[in-house]
Asks: 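Sharing a structure with you now.
Here is how names work: the chains are called A, B, and so on, in the same order as the sequence lines, proteins then strands, and each is numbered from 1.
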Amino acid sequence: MPASADSIPGRERAIELALTGAEYDSIVELLGREPNEVELAMYSLLWSEHCAYKHSKKVLRRLPTEGERLLLGVGENAGAVGVAGLAVAFKVESHNHPSAVEPFQGAATGVGGILRDVIALGARPVAMLDSLRFGYPSSARSRWLLDRAVAGIGHYGNSIGVPTVGGEIHFDPSYESNCLVNAMCVGIADPDRLMRCAATGVGNRVILMGALTGRDGIGGASVLASTELGEDDADKRPTVQIGDPFAEKKVLEACLELIDSDLLVALQDLGAAGLTSSASEMAAQGEVGLDVDVAKVPLREADMEPFEIMVSESQERMLAIVEPSKVDAVKAICDKWELLCTDIGVVTDTRHMRIFRGEELVGDIPVTTLVDDCPLYDLAPEKPAQGLYPAPPADLPDRGDTAETLLALLAGANIASRVPVFEQYDSIVQARTVRRPDDADAAVLALPAGEDGTRPAIAVSIDGNGRRVAADPNGGALEAVLECAANLACVGAQPLGLTNCLNFGNPEKPHTAWQLIEAVDGLAKGCEALGIPVVGGNVSLYNEGPDGPILPTPVVGMVGEMPDASVTSTSGFAREGLAIALVGPFEPSLVASELAARRGNAPEGVLPSVALESVLAAHAAVRDGVRSGAIESAHDISEGGLAVALAECVALGSVGCAVEVPELDDVSLFGEAPGRGFIVSGSRELVEAIPGAVVIGDTGGPNLTITDSDGERVSVAAADLREARDGGLRRFLP
Amino acid sequence: MKARVLIRPKQGILDPQGQTVERALPALGFTGISNVSVGRLVELEVADASQLESLCEQLLANTLIEDFEIQLDGD
Amino acid sequence: MKARVLIRPKQGILDPQGQTVERALPALGFTGISNVSVGRLVELEVADASQLESLCEQLLANTLIEDFEIQLDGD
Amino acid sequence: MRIGVVRFPGSCDETDALDACSLVADAELLWHGSTDLDAVDAVVVPGGFSYGDYLRPGAIARFSPVMEAVAKFAADGGPVLGICNGFQVLCEAGLLPGALLPNDSLRFVCRQVDLIVERPTTPWTAACDAGERLSIPSKHANGRWYADPDTVARLESNGQVVFRYAPGENPNGSVADIAGVCSEQGNVVGLMPHPEHAVDSLTGSADGLKLFSSVLKERTGAGIS
Ligand SMILES: Nc1ncnc2c1ncn2[C@@H]1O[C@H](COP(=O)(O)OP(=O)(O)O)[C@@H](O)[C@H]1O
Ligand SMILES: [Mg+2]
């Protein structure tokens, strides 16, 4: 019974802290008494949506989490798969609400947070990817969010020496007041040295490493991450957190050196809910108790209350479990890296989290009640009678000149060149990057050479298309998985595992619940088809603004393997005289397509069906073609359809091309069926031999020329394609 | 008239630059220096000083994380 | 004692930050503002103010590209 | 021959530089806190964000104990190469002329650029030809090299401009497209682009290898053409 139990904040305070009355009652029941201030603060965060997955945990059970290449799965800080004798750890996480409030710091600390999840496994982060969603850049606020979020991602990733090798950006009015900033980190570790987060060994010390603890983001997890953003965002602003990549760089190097020196029992990052979440997760996983003395925590501001210290979200901190005999060695390495390192507690057999201020016991909670006993809610899904999303403003005519339509699509913010964004990211530090952004459809990272001297590689990609998920949550989510896998196939990689971030609106609303359940089922189908596990991910709910929910946006990140880094492809046509082939069951429609949106159509209708078997056969054919060298360039047909894909192959390459298609109509030129079709090029006899490949033309000349069987023809100069594509986003990021 | 705007990190908000500089000082042989904070200095000519307040709020300072102080020539 | 160091880009050196601010002004409806320059503000507590000059020359400012001005509390 | 690569807190490209050096010689990391250069034959001050680039890039790192030793080594004619943040550190330390200001775009820019070798007679360019074009990645937010007009004129006439961005390739607004300069004696060279990230065509280009083979050629007396 904690001494300060005399101060009982009570039920009203609990409700202010975003707990429900019923939740408060079950806390009282579990505790056998009313929680004091410290305890209530801890419950309010660990029982928040962000930490407890109250509305998503049951849904997530649908996801396959087993695979023979899986080394570490859901439940750890990040998942990991085995590649060429190494553990490749990866996870995507969202920082949406903080980024909507302060995009630079919100995005920067988002990158810092996912980096620490990977570091916590003892992996060296080797790549970052980012997935961004904003309102149309015609809006000044969206331009500001884009500009600052990108700068923040670059600031953190560049400064810490982790290359940002890929990502995606999509603009839609539904994100106007609720942008999405998802960041994915990939790390490499020695499989025998993978760290777990389970605290074990009664008597072992609890060591806090890294930055000073201040009043950063107090209430952040419950206030910022689990409630809709309203008019009063301003009040939430004091909780803005500042990222310090320099501090994190020292955390990174020190942690990896500590693990190499075999000095740690367990390691955990401090993320949402700070010390409370990390300490209780470690205790829960290890089925032990922890005693923590907040008086020992080094503070940035004097006079912080125990509850503030327990929930502070100050960045760049890690928590380690260390055998008493090794504490001095740990301190020595932290000193070398000019890193604070403080012994703040001990592992106990009580299975309680006991919080002390010096001698005084200020909080005493059974660990399981914090971590496992939060009520999980069933969703009440209901398929909405009609479409939920308003038609976007039209800026293209329903009947347009084909060449003009093509150029307009290429110049559109959703399709235009991302150079102005990814040029702000260091994509090459660590000297692994074999394919940089725009070189190929997925980033390729070389791994150390094996005995025979060849260097294997991993390929990474991140994808999502909320518009298609809005039209059909199940099919759209499946498409996201297929498109991500298609990107890997383009560089010759075989998918090994998937991570995802589920960005949705308020799950207590029946239609959002329906979107969530259907989308997760679609993701699961995709994983089952590819035979890969979900290794981890993140859920971001309540993404709504005054003007309604965001498009349902599951973002999929994938890691694949390649036997030889030096045998891969480019997206662009590399040289004259190559045969161009279409591979895959590509039967497009305009439903929820980019052209449909530009013509002012709401994201509604029936998506083209997916013939999984032939889709996977096409992926295999492209992958094998790249690996055998038959395919020199490969690009999957996604937004903007066949014509845009061809234009990109020309714009990114060094030559034009001439192809013939059955029909020169909008559907065959601009219709979409993501993840199903590929444009490949290579020498004719080799390309003709690719299973399912249909040769449609040749590379060469200064133009992109498309003709149909009855001689109709559209031709655009490569220079004009490049100009349209290059200027589309640049004009918003001068 | 000439105006000067002093922009500093808000109290209680992390100031990595100030912290890092302060930690480095002893090694450089400077002692007895504390509470280092690093901010920004904006100087400009303004015809109508009454605009400055909102200029700072809208453009010069990020009021989420920074405080600003306006000094008019003669202060 | 409290001390404040104002660090400004040297005259004649391109100051893109200042220029960017100036370019943004009209769109935000600010007029009659010119000669915007953006520099750095360092504030600190110092026991012995006589160190400040050399602290600025050695660390806080790069005198090739920046001028500095020291203000002691009370200035 | 042995090349030492300095490591500061916040260095990011030091292991890449180490690997690049290892392609031509033995190489080792030199900890910022030590004043002992371990009798290396050449020193690389690598890229990254030493001390977070806080205050000014290189402003704090240049006071590291190791930099005293590097300054002595340089004064005795030892070959020193500063890359990106290392260039900034050497300028801040006064071992190289000029200063590096924020890019005129005020953005970090990561881009493959073409450099032109203006002076092939430094220990770090001995294996290059005058006017040779090298494709090397450049990635920084504070790479706009600046010196006052008199200094620039003096450097030009002394032949202390070692690398220039090819016409149209200047990513940061540097004066006279200057990408790299050297000390009066020529043994200390600094540049913003990253030769250590251009040592293997698998990851883009191998042109940067020439800087490292240069120092080998020069040191092992293979003779400068
Ligand atoms: N959409 C999802 N799919 C699969 N696993 C998920 C998803 N969302 C969360 N997880 C898993 O749940 C666990 C807790 O997630 P999270 O609280 O984000 O971890 P952390 O606090 O370390 O960031 C992690 O193992 C994470 O991978
Ligand atoms: Mg974690």
Side-chain angles (χ1 to χ4, degrees), chain B residues 1-11 13 15-62 66-75, chain C residues 1-11 13 15-62 66-75:
Chain B
M1 111 192 57
K2 276 185 174 302
R4 172 183 296 160
V5 182
L6 308 180
I7 301 164
R8 30 177 94 87
K10 261 198 196 332
Q11 262 309 326
I13 284 219
D15 172 17
Q17 294 208 74
Q19 246 183 30
T20 306
V21 172
E22 186 164 338
R23 287 224 194 86
L25 289 172
L28 278 53
F30 295 99
T31 54
I33 297 176
S34 58
N35 293 325
V36 180
S37 93
V38 177
R40 290 176 299 123
L41 167 73
V42 180
E43 294 180 307
L44 45 77
E45 294 268 353
V46 60
D48 159 16
S50 69
Q51 308 177 68
L52 283 176
E53 189 78 17
S54 79
L55 175 66
C56 291
E57 278 162 2
Q58 288 184 57
L59 185 63
L60 300 186
N62 179 347
E66 297 172 323
D67 293 326
F68 62 87
E69 174 186 341
I70 298 171
Q71 295 181 344
L72 293 178
D73 214 9
D75 290 24
Chain C
M1 126 187 48
K2 274 184 177 300
R4 171 183 297 161
V5 181
L6 309 180
I7 300 158
R8 327 184 153 83
K10 263 200 194 322
Q11 274 304 331
I13 298 186
D15 171 20
Q17 294 194 67
Q19 288 183 346
T20 308
V21 172
E22 283 193 32
R23 259 186 262 108
L25 292 170
L28 296 166
F30 295 101
T31 56
I33 296 174
S34 58
N35 296 330
V36 181
S37 90
V38 178
R40 235 177 6 260
L41 169 72
V42 180
E43 294 179 306
L44 45 78
E45 296 264 353
V46 59
D48 159 18
S50 69
Q51 310 176 68
L52 282 177
E53 193 75 19
S54 77
L55 176 65
C56 291
E57 278 164 359
Q58 289 185 54
L59 178 67
L60 299 187
N62 178 340
E66 297 167 326
D67 297 321
F68 64 88
E69 172 186 343
I70 298 171
Q71 296 181 344
L72 292 177
D73 214 8
D75 292 23

Asks: Quick check for you: to the nearest 0.5 Å, what is the distance between C:Arg40 atom CZ and B:Arg40 atom CZ?
Replies: 12.0 Å
Asks: Supply the atom-to-atom distance B:Leu44 CG to C:Asn35 CG, rounded to the nearest 0.5 angstrom.
Replies: 9.0 Å
Asks: Among B:Gln17, B:Lys2, B:Gln58, single out the residue with the greatest number of heavy-atom pairs under 4.5 Å to chain C.
Replies: B:Gln58
Asks: Can you name the nearest heavy-atom pair linking B:Ile7 to C:Leu41, along with the distance?
Replies: O-CD2, 3.7 Å
Asks: Nearest 0.5 Å, what's the CG-CG distance between C:Leu55 and B:Leu28?
Replies: 8.0 Å
Asks: May I ask you to name which of B:Gly18, B:Ala3, B:Ser37, B:Ala24 has the most heavy-atom pairs under 4.5 Å with chain C?
Replies: B:Ser37
Asks: Does the side chain of C:Val42 come within less than 4.5 Å of B:Val36's, by heavy atoms?
Replies: yes
Asks: Kindly compute the distance separating CD (C:Glu45) from CD (B:Glu22), expressed to the nearest 0.5 Å.
Replies: 10.0 Å
Asks: Is C:Gln51 reaching over with its side chain to a backbone N or O of B:Thr31, donor-acceptor style, under 3.5 angstrom?
Replies: yes
Asks: Quick one: pull up CG in B:Asp48 and CD1 in C:Ile33 and give me the separation to the nearest 0.5 Å.
Replies: 8.5 Å
Asks: Report yes if the side chains of B:Leu25 and C:Leu59 come closer than 4.5 Å at any heavy-atom pair, otherwise no.
Replies: yes
Asks: With a 4.5 angstrom heavy-atom cut-off, could you sort out which part of B:Val5 is near chain C: side chain, backbone, both or neither?
Replies: neither
